[in-house]
Asker: 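One structure, pasted below without further comment.
To find a chain, count down the sequence lines: A is the first, B the second, and so on, and within it residues start at 1.
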Amino acid sequence: MFSLATILENIKTLIENYWQVFIFEGVKYTLILSAIAVFFGSIFGVVIALGRMSNWKPLRFLNKKKAKKGIVHAISEFNPISFLCSAYTEILRDTPLLLQLYLFVIILPTIIKVADFSMFTWTSIALALNSAAYVSELIRSGIQAVDKGQTEAARSLGMNKIQTMIRVVLPQAVKNILPAIGSEFVTIIKETSMASTFFIGDLMTSYLKVKGATYLALEALIIVAIIYFILTFFLSKVILAYERRLNSK
Amino acid sequence: MIQTIDLYKSFGDLQVLKGINEHVAPREVISIIGPSGGGKSTFLRCLNMLETPDSGQIIFEGVDITNEKVDIDLHRQKMGMVFQHFNVFPHLSVLENVTLAPTVVKKISKIEANEQAMELLNRVGLADKANESATSLSGGQKQRLAIVRALAMEPDVMLFDEPTSALDPEMVGEVLDVIKGLVKDGMTSVIVTHEMGFAKEVSDRVVFMDGGIVAEEGTPDEIFNNPQNPRTKDFLSKVLY
Ligand SMILES: Nc1ncnc2c1ncn2[C@@H]1O[C@H](COP(=O)(O)OP(=O)(O)OP(=O)(O)O)[C@@H](O)[C@H]1O
Ligand SMILES: [Mg+2]
């Protein structure tokens, strides 16, 4: 029954008849979803990362005696912005993406009614918010990997915090961050497959469609697997080459 | 020019500075020597508030810079600092290392900054490297660059934290020569160093720090030829063989 020849033959037929579904729906929407998630996720991720590293301590005035320990010290060191940003990151990283997708695609639309928000839009938002949590951590660790001596040198020259960040720290951090965001893109490409739960049109949705029409589950799955592999494999190689170029400079 | 009054600083439970009262006069050159962990770096880093003291005051040109309302960036422009590990900016060229702060902080024009930087680089023999990446320099060249980078802000005082400790022995001389030149031109300097011969040669005053206090201070002759404190004697006998 299961002969390799039949499977290969079926795969050939599927490609001939459905290649447009795989390429112009599957690959297209998977790449669009991933790009949206990483792009907006990165922008929002920068905001979250800066928020986490902010130094705003509105209750500092409570610690008049400059205590270095104890409850007064702890309260006076409280940074609400940093706290909220950490909470955001932790919650999104410590709950399943599928759960977040359910929240945004099924539940939120019944509460927040935005007329022209499609399921695709809600999925994009969920993926971008999730990606932001991961990207913010990449940015934060990229920034913290820059030698502290660099900041000290800049500050000792009279540069303020913002000047130091923009002119000295970030240009060096970018070398650590960009390749990591590239890897995040690869991860996201695979994670968009969860969007097929809502029949969004991504690669995994193409599989569901083709399987539904032909009952050739194994063959359709093999095709989709090969496409995913090609996408992520080559993207990883491109990132690696780019990383090498950055480091050789 | 700089006066510290009763400076205290601890890291957690470790008390590193235990009441430092010092005074740096204009054009004075002070060397700080002492055993590892004695608080030399911490003291120096307090002078430009890279470390915030727990208590005490630092009066710089008449202003108490430990006051939180003081714009510390403004005062740091007047205090150059040179670090043990150079901390040159690796993403910039040699020239850009020097011009960054003047253009960003003082907002002087790029042309003017370049001109001034080239003059300074020329003085330390780095003019021909101006357009190379700072990472391509040798240790001694990096440290000379770091000194010039600080000088470009036209500081009133220079703080050196073991400027030659991270260098290969054959490069120590070129950096010390640059510092000697500066000192000869009248630059007020505070130098933490393990180079006793150098301290002896350039200093007006030598400060021996041990266990978070100034254990002894005096002219190079007093400290090196006739130390009074047994801890100074002990330290010197170890470093001078
Ligand atoms: N940021 C910090 N956090 C915790 N402990 C610190 C910190 N900086 C310095 N110390 C500790 O404070 C003590 C004094 O350090 P400091 O660097 O001032 O000594 P030093 O005299 O410069 O020594 P060395 O000759 O080794 O440079 C050391 O025990 C050191 O471990
Ligand atoms: Mg030190």
Asker: At a heavy-atom separation under 4.5 Å, does B:Met79 approach chain A through its side chain, its backbone, both, or neither?
Answerer: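 The backbone, not the side chain.
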
Asker: By a 4.5 Å heavy-atom criterion (distance strictly below it), what part of B:Phe89 contacts chain A: side chain, backbone, both, or neither?
Answerer: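 Both parts, backbone and side chain.
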
Asker: Taking every non-hydrogen pair under 4.5 Å, which of B:Leu159, B:Leu100, B:Val82 racks up the most with chain A?
Answerer: B:Leu100

Asker: Pull out the residues in residues 28-58 of chain A that come under 4.5 Å of chain B, heavy atom to heavy atom, sorted by number.
Answerer: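 Heavy-atom contacts from residues 28-58 of chain A to chain B are absent.
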
Asker: At a 4.5 Å cut-off on heavy atoms, which part of B:Val88 comes close to chain A: side chain, backbone, both, or neither?
Answerer: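 Contact with chain A: backbone only.
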
Asker: Which atoms of A:Asn160 are under 4.5 Å from chain B, going by heavy atoms: the side chain, the backbone, both sets, or neither?
Answerer: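 Its backbone and side chain both get close to chain B.
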
Asker: Specify the closest pair of heavy atoms between B:Val105 and A:Gln163, including all atoms of both residues, with the distance to one decimal.
Answerer: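 Shortest heavy-atom contact: CG2-OE1, 4.0 Å.
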
Asker: Just verifying a value: how many Å separate B:Arg76 CZ and A:Leu157 CG, rounded to the nearest 0.5 Å?
Answerer: 10.5 Å

Asker: Heavy-atom cut-off 4.5 Å, strictly under: side chain, backbone, both or neither for B:Arg45 against chain A?
Answerer: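 For B:Arg45, the contact with chain A is made by the side chain alone.
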
Asker: Any Lys/Arg nitrogen of A:Lys161 or B:Asp73 sitting under 4.0 Å from an Asp/Glu carboxylate oxygen of the other?
Answerer: no

Asker: Against chain A, label B:Glu96 side chain, backbone, both or neither, depending on which of its atoms sit under 4.5 Å from a heavy atom there.
Answerer: neither

Asker: I'd like to know if the side chain of B:His91 and the backbone of A:Arg167 have a donor-acceptor N/O pair within less than 3.5 Å.
Answerer: yes

Asker: More than 12 heavy atoms of other residues, nucleotides or ligands under 6.0 Å from NZ of B:Lys107: yes or no?
Answerer: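 Enclosed.
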
Asker: Backbone N or O of A:Ala153 within a donor-acceptor pair of the B:Asn87 side chain at under 3.5 Å?
Answerer: no

Asker: Pick from B:Gly12, B:Ser55, B:Pro90: which one has the most heavy-atom pairs with chain A under 4.5 Å?
Answerer: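 Sorted descending by pairs with chain A, the first entry is B:Pro90.
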
Asker: Is it the backbone or the side chain of B:Asp13 that comes under 4.5 Å from a heavy atom of chain A, or both, or neither?
Answerer: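 Side chain only.
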
Asker: Are more than 12 heavy atoms, taken from residues, nucleotides or ligands other than A:Ile162, located less than 6.0 Å from that residue's CD1 atom?
Answerer: no

Asker: State, to 0.1 Å, how close B:Gln77 and A:Gly158 come at their nearest heavy-atom pair, and which atoms those are.
Answerer: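 Scanning both residues completely, I find the closest heavy atoms to be CG-CA, 4.0 Å.
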
Asker: Looking only at non-hydrogen atoms, find the nearest pair between A:Ser156 and B:Asn48 and report the distance.
Answerer: CB-ND2, 3.8 Å

